[in-house]
Structure formats: structure tokens, C-alpha cells
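Only one structure is covered here, and it is reproduced in the block below.
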Amino acid sequence: MPDSDAGSAESRAAVASAGAGTVPILEFDRVTVHYGASRALNEVSLTVRPGEIVSLLGGNASGKSTTMKTALGLLAPSSGVVRIDGVDVGKSPPSARIAAGLASVPEARRVFPAMTVQENLFVGGYIRKERRSVLAARAAEMFEHFPRLAQRRTQRAGTLSGGEQQMLAFARALMSKPRLICMDEPTMGLSPLFVDRVLDEIARLNQELGLAILIVEQQAELALSIAHTANVLRTGEIVLHGPAGELIDNPAVRDAYLGKAAA
Ligand SMILES: Nc1ncnc2c1ncn2[C@@H]1O[C@H](COP(=O)(O)OP(=O)(O)OP(=O)(O)O)[C@@H](O)[C@H]1O
Ligand SMILES: [Mg+2]
């Protein structure tokens, strides 16, 4: 289980200052994205630094998933620049982004239902074109980290519970040895108890492995409780940005996203 200090203001501040001045793993510099003639993102700028948890908040259709897909190379900007480690990645495909250290836990988990737990893990590592023995060793590490998956290694992924599929989606993403994981609503459809567990797990991955995380999460208060910084999107534009601890106290954020009257 995560340290009880996980996500505390002190540990967040420590990471934030450690990350300051370093080259961001991921950077959007005035990125605009269109679907055909319709504009979904308008000059979005954001950064994710090594070891940082960055939360993306916003209502339905505000552009959160579009931002994730653009980071992963599934969509190309119509203007603006996406950089990984300070380098313009242009229109490079998802495979190149994964090779550069990004990984994704996609919307609705999307494990391969007919494949076993173990086969799903191998697919996650395959993109790096490593030897099977290397992948097997890494899968063994994942089974150590997620003992529930170890008990189910030969079970078809489609028969796992929702929470177990979520765990498998995390483990599969970790198989490519990423430095940044993009997670689009990782707790969607999970019961409140599992939501807490998944967010604890995210904080643990961040603290123990130093992983940077870009997370879209409807449960804004929970997302802000583990995040270091946060960005609020509205109709494709970033309207608020700052340390998570400040946004959680911002009356506009509390009104719009936390379901609470402004203090
Ligand atoms: N493939 C597509 N073709 C056309 N328009 C799209 C496509 N995907 C998304 N859009 C539009 O882009 C806008 C942003 O969508 P996006 O999926 O990024 O929103 P979101 O913030 O993730 O919303 P939600 O909270 O509902 O998941 C929406 O108006 C949506 O209808
Ligand atoms: Mg979405």
C-alpha cells in the first residue's frame, strides 16, 4: 500500500521543486487540433515534468481525450508543437512516442479480452522489440507488483473484474518501461472502493517508480488530491492552471468541478 504521506502537500511541493528547471518529458506549445473543420483544441499549452502527476480537468467535450490522443500521436495538431524531452515530435506515430517513453492506459481500459493476462502483458512490451526472456522477466516483475494478476495469469482478460482489468491495463502500460503514462479516466465504471484503490495505486507508481502521470479523471477532488499540478479545459482552451493544492481551494473550480458551493 502507498505510504500514508502519498500525495501530501509536502511531497507534492518536493516533487514540484525537483521538477522545476528540468526539461519537461511532455510539452504542448500552443497546440490546436481540428476534427475536419471543427476545432477541438485551441492553442493549448501544458507541461509534464519528470516525476510529476498532472491532472486534466474539464466538463464533457472540453477536449481532455483529444489532448491525450494528441500526446500519444493518435491525432496531429493543425498548429503548435508537441515536444518530448524538448524535441519536436512532429507527426511521429504512436509507436515512436512509446519508444520515446510514453505509454497509455486508454479510455475504458481496453485490454484484449480473448488473450490471457500474461499475453496482454507481452503485447505491452512488444513494441520495444526486446527478447522474450527480457519481457518474461519484466512480466514477472509485474506479477510481483500486482499479485492479484499473478493468480490469474492464464485467465482470459475479458473475464477479469473491472478493477482487475484496470490493474492489467496499468501493468501492460508499464511493460514498455515508460517514463510518462497517459491515463484517460482510469476509474470509470469502478465502485467507490476501487476508485480509491486505483488512485492509491497511481500515487504509488508515481512515488516508487518516479513515473510521471498525465491523468484525466472525472472525480476531480480525488484527482487533485494526488496531482502536483492541474489544468482546467473549457471548450478546447486551458482556462486555469496551477498547483493542485491551489486549484482545490479555487472557488471557481470548487463550483464547477467539485460539486461544492464556493467557500
Ligand atoms: N473523432 C471525432 N470526430 C469529430 N469530432 C470529435 C471526434 N472526437 C471528439 N470530437 C469532438 O471534439 C470535442 C472534444 O472531445 P473530447 O473527446 O476530447 O472531449 P472530452 O473532454 O474527453 O469529453 P468527455 O468528458 O465526454 O470524455 C467534442 O466536441 C467532440 O464531439
Ligand atoms: Mg474523454
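Atoms within each ligand, like the ligands themselves, are counted from 1 in listed order.
- In terms of protein heavy atoms, atom 10 (N) of ligand 1 is closest to Y35 CE1, 3.2 Å.
- Rounded to the nearest 0.5 angstrom, M68 CE and M183 CE are separated by 9.0 Å.
- In summary, the atoms of ligand 1 found under 4.0 Å from a heavy atom of G63, numbered by their order in the structure, are 14 (C), 18 (O), 19 (O), 20 (P), 21 (O).
- For atom 25 (O) of ligand 1, the closest heavy atom belonging to the protein is K64 NZ, 2.7 Å.
- Salt-bridge check for R204 with E201: passed, with a basic side-chain N closer than 4.0 Å to an acidic carboxylate O.
- With hydrogens left out, the protein atom closest to atom 18 (O) of ligand 1 is T66 OG1, 2.5 Å, a heavy atom.
- Atoms OG1 and CG, from T187 and D196 in turn, are 9.5 Å apart once rounded to the nearest 0.5 Å.
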* To do: For side chain to side chain contact (heavy atoms under 4.5 Å, CB included), just list the numbers for T70 and V44, CA-CA rounded to whole Å, side-chain angles, deciding distance to a tenth of an Å, and then say yes or no.
  => CA-CA 11 Å; T70 306; V44 165; over 6 Å; no

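- Heavy atoms from other residues, nucleotides or ligands lying under 6.0 Å from CZ of R83 number more than 12.
- Around the Mg ion (ligand 2), the protein atoms of type N, O or S found under 2.8 Å away are S65 OG, listed by chain and number.
- The closest protein non-hydrogen atom to atom 24 (P) of ligand 1 is N60 ND2, 3.6 Å.
- Every heavy atom of S38 sits 4.0 Å or more from the atoms of ligand 1.
- A heavy-atom distance below 4.5 Å is found between the side chains of I25 and P50.
- Residues I84 and L180 are not in side-chain contact: their nearest non-hydrogen atoms beyond the backbone lie 4.5 Å or more apart.
- Taking every heavy atom of both residues into account, S104 and A173 meet most closely at O-CB, 3.8 Å.
- The nearest protein atom to atom 17 (O) of ligand 1, hydrogens excluded, is given as S65 CB, 3.6 Å; this is a heavy-atom distance.
- For the pair V198/L190, a side-chain contact is recorded, criterion being any heavy-atom separation below 4.5 Å from C-beta on.
- Judged purely by distance below 3.5 Å, without hydrogens or angles, the side chains of R97 and S92 pair a donor atom with an acceptor atom.
- Heavy-atom contacts of G59 reach the following atoms of ligand 1: 21 (O) (cutoff under 4.0 Å).
- The closest approach between G236 and ligand 1 stays at or above 4.0 Å for every heavy atom of the residue.
- Of all the listed residues (G58, A61, A40), A61 holds the heavy atom that lies closest to atom 23 (O) of ligand 1.
- Residue Q218 places a heavy atom under 4.0 Å from ligand 1.
- At least one side-chain heavy atom of S78 sits under 4.5 Å from a side-chain heavy atom of T32.
- Counting only heavy atoms, the protein gets under 4.0 Å from atom 6 (C) of ligand 1.
- In this structure, E185 is part of the shell of residues with a heavy atom less than 4.0 angstrom from ligand 1.
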* Asked: Would E208 and H145 count as a side chain to side chain contact (heavy atoms under 4.5 Å, CB included) if you check the C-alpha gap in whole Å, the side-chain angles of each, and the deciding distance to 0.1 Å?
  -> CA-CA 11 Å; E208 289 182 4; H145 199 83; 3.7 Å; yes

